[in-house]
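Some notes on the structure that comes next.
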Amino acid sequence: MRVPRYHHLLLGLLLAATPAALAQKTKIKVKKAAASAASALPQVSAADIEQRITALLGQMTLEEKIGQLNQYSGREVTGPASNRKNDLLNSIRAGQVGSMLNVKGVADTRLIQAEALKSRLKIPLLFSLDVIHGYQTVFPIPLGEAASWDLAAIRESAHVAAREAAASGIHWTFAPMVDVGRDPRWGRVMEGAGEDTYLGSQIARARVLGFQGEKLGGTDAIMACAKHFAAYGAAVAGREYNVVDVSEQQLWQVYLPPFKAAADAGVATFMNSFNTLNGIPATGSRYLQRDILKGQWQYPGFVVSDWGSIGEMVPWGYATDKADAARKALAAGSDMDMESDAYHTTLAQSVKDGKADQALLDDAVRRILRKKFELGLFDDPYRFSDEKREKQVLNDPQHRVAARDIARKSVVLLKNDNHALPLAQPRSIALIGPLAKAKRDLAGSWVVLADTAQITSVHEGLTKRAGKNTQVRYAKGCEVQGDSRAGFAAAVEAAKASDVVVLCVGETWDMSGEAKSRTDIGLPGVQTELFQVLKATGKPVVVILMAGRPLVFNQIADQADAILYGWWPGSEGGHALADVLFGDYNPAGKLPSTFPRSLGQVPISYQLYNTGRPVTKPGDIRYKSAYIDSPNTPRYAFGHGLSYTSFKYDGLKLSQPTMAAGQTVQLQCTVTNTGKVAGEEVVQLYLRDLVASVARPLKELKDFQKISLKPGETKTLTFTIDQDKLAFYNAKLEWVAEPGDFQLMIGSASDDIRLESKLTLQ
Ligand code: BGC
């Protein structure tokens, strides 16, 4: 791992913003340089850009065109090394490379850009990177952020990440990942927005706008990339890079909408995926890329392959060799070849032999050049590589404030028996567990500059907040993995001597993420046993779980006094969790994924079907759609998350019980904070189409509102129901709202419906 050049500048940087300062700033706003920076760009119309592209294309040789479609990695990080590493610079100078990934920082990007400008036509390179949840300031993992259901905060997080990356020479991030994930064995669930299509679509939009701003061109914005197109999250058995076999209906209903939402938000690029979809590798899928994306959706951006995925069509058994794979990928609509070296080494000959279509090649080049023009790189190839801005932006204290804000909002209070939380100022706390002092783990997978000195551990956050009057006794207890119980005795001793135990357990940072599928999603190692010996002391035990996926932890769920799910919370994780533990922040996170009782229930989602044999009475399961050894219900449902206060739902009003085609109706309700502290609530609207031309799920999320209420305060909420909310893909894949009855449900979670009504579509 390289140490960032500007490392020293950051030491001593405000590791903590006070809770008071945070409270004042409910809406964190990080400076937007977009307007001024964008206005520095000459105002060029889209038509002018097209003319300039046409002129440039006219000057390009076949090899130079193919060069624009070629992307290489600057170093080995996420995959096998390019065998062209040694002559990389020569290729760049010869105009044979259109983009580099994994080169970052002003100094390095300037250096490499200068090489590109030595090429005959001086076409600048695009610098790209996986800026997944922050650049230097690490934000919670995307699945954690999704638990905030706070679209403004999510957008802000992406904006800060873009601002830092753009100040560091980067033009383009490979994010957001908008794959719907319903199988927690799949390690990449950490990188997405969870299991739900509606929530995922809203978040996809927020992230795209956060990264890109309203329009590309500002130097505080970078191109986003909707990935992985498509249905990668449905990998069979949760095994990474595996086949996907989903019906057309599931594809359109569940997996495609977040991609459409990203396209509608103007996402500059798409990435295809490693999986096959019903037998065809996505990289070679004309159906996905040409018919749907570039055809039906009229998408104007470009598609990059996933790492080496063009070449991987050979081992898939879908192409005979690289040349065949390259032809198939180009024909299917993959514009840029990431690290397969297939376009570069074979396409020219295929075009000369008449086996690859020159017009498709030109179209791909045009799409890529268009983005370079829109970013202003032809006007100034070094626009994003300004040393002064890099120093300033990477040291902006507001970024840590934003990271703490969303880290707190991501925490989900799963359980809180007898008001175990918030901690009343205890005299002593036993802080125990392998993640209590962890730093690197809190940053999670996909970290760009994993400088652990910049991460706040729970120990740091908690001791700072606890102050002098509370004694904190630390004991590690055990490792995350492994079977040593040698540390148990010291942990028990610390627990016995203290008023309350705070236990930090979960996964290490490298247990979820790409290529991190697990067949066992239980809490690893002897962490559950550690919990049991601590619980046996009779002291209240508060458990903080940190992980990149929903885990199964039944004993803890049954016996802990309180449970916080912190995901991997990022740079400010320790402070954020301390804020929640002490009640400086009242948790409001809601699960974006169902937490199963056991692995046997996965894949799992709240979108269950009634079936022909529903279980109508608990326990009455004979010849019913049930398990004989487990209830169907999950451990924690989608949308679940408690608060330190309570909310009463009331006053349901539907503006009219029937709706004519094309009309809208209003559904109103009131929510009152009936507790003693202020709090936020995510009010969720679910819907069921009772009888339709295809069987529909028992519940589908259709809308939500996050509100903030003072003690005793009541707010009236209005949801507008239009035909789109009632629609679905029918057997002919038409998007239709069919006349009939709909059940409308408003609740605090998918399994906690508080108000119900019926609507009839005429
Ligand atoms: C991943 C992508 C990522 C790419 C570049 C691949 O292995 O699947 O999501 O953007 O590597 O790092």
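Hydrogens, waters and symmetry mates are skipped; everything else that's a heavy atom, side chains included, is used. Read the numbers this way: they start at 1 and go in the same order the structure lists the ligands and their atoms. Positions are given from 1, in the same order as the sequence printed here.
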Is [X] in polar range of ligand 1, meaning some N or O pair under 3.5 Å apart?
X    : answer
W446 : no
D306 : yes
E514 : yes

Have a look at ligand 1 and work out which part of [X], if any, has a heavy atom under 4.0 Å from it: side chain, backbone, both or neither.
X    : answer
K227 : side chain
Q71  : neither
L101 : side chain

How many angstroms lie between CD1 in I292 and CG in L251, if you round to the nearest 0.5 Å?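 Nearest 0.5 Å value for the CD1-CG distance: 5.5 Å.
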Just how far is it from atom CD of E507 to atom CD of Q481, taken to the nearest 0.5 Å?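 Rounded to the nearest 0.5 Å, the CD-CD separation comes out at 9.0 Å.
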Which ligand 1 atoms are under 4.0 Å away from a heavy-atom of [X]?
X    : answer
W307 : 6 (C), 7 (O), 11 (O)
H228 : 2 (C), 8 (O), 9 (O)
F174 : 10 (O)

Using the six-membered ring wherever Trp is involved, compare the ring planes of H171 and F384 and label them parallel, tilted or perpendicular (cut-offs 30° and 60°).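 Plane angle over 60°, so perpendicular.
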Do the charged groups of R163 and D396 touch, with an N to O distance under 4.0 Å?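 Salt bridge flag = yes for D396 with R163.
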Can we say K409 and D150 salt-bridge, meaning some charged N sits less than 4.0 Å from an Asp/Glu carboxylate O?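 Looking at K409 and D150, the cut-off is met.
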Between ligand 1 and M271, can you find any atom pair, the residue atom being a heavy atom, that is separated by under 4.0 Å?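 It does; at least one heavy atom falls under 4.0 Å.
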Using the salt bridge (Lys or Arg N to Asp or Glu O under 4.0 Å) rule, pick out the option among R366, K294, R290 that qualifies with D335.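 That would be K294.
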Has the side chain of S410 got a donor or acceptor atom that lies under 3.5 Å from a matching backbone atom of I406?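 Yes, the answer is positive, given that a donor and an acceptor are paired below the 3.5 Å cut-off.
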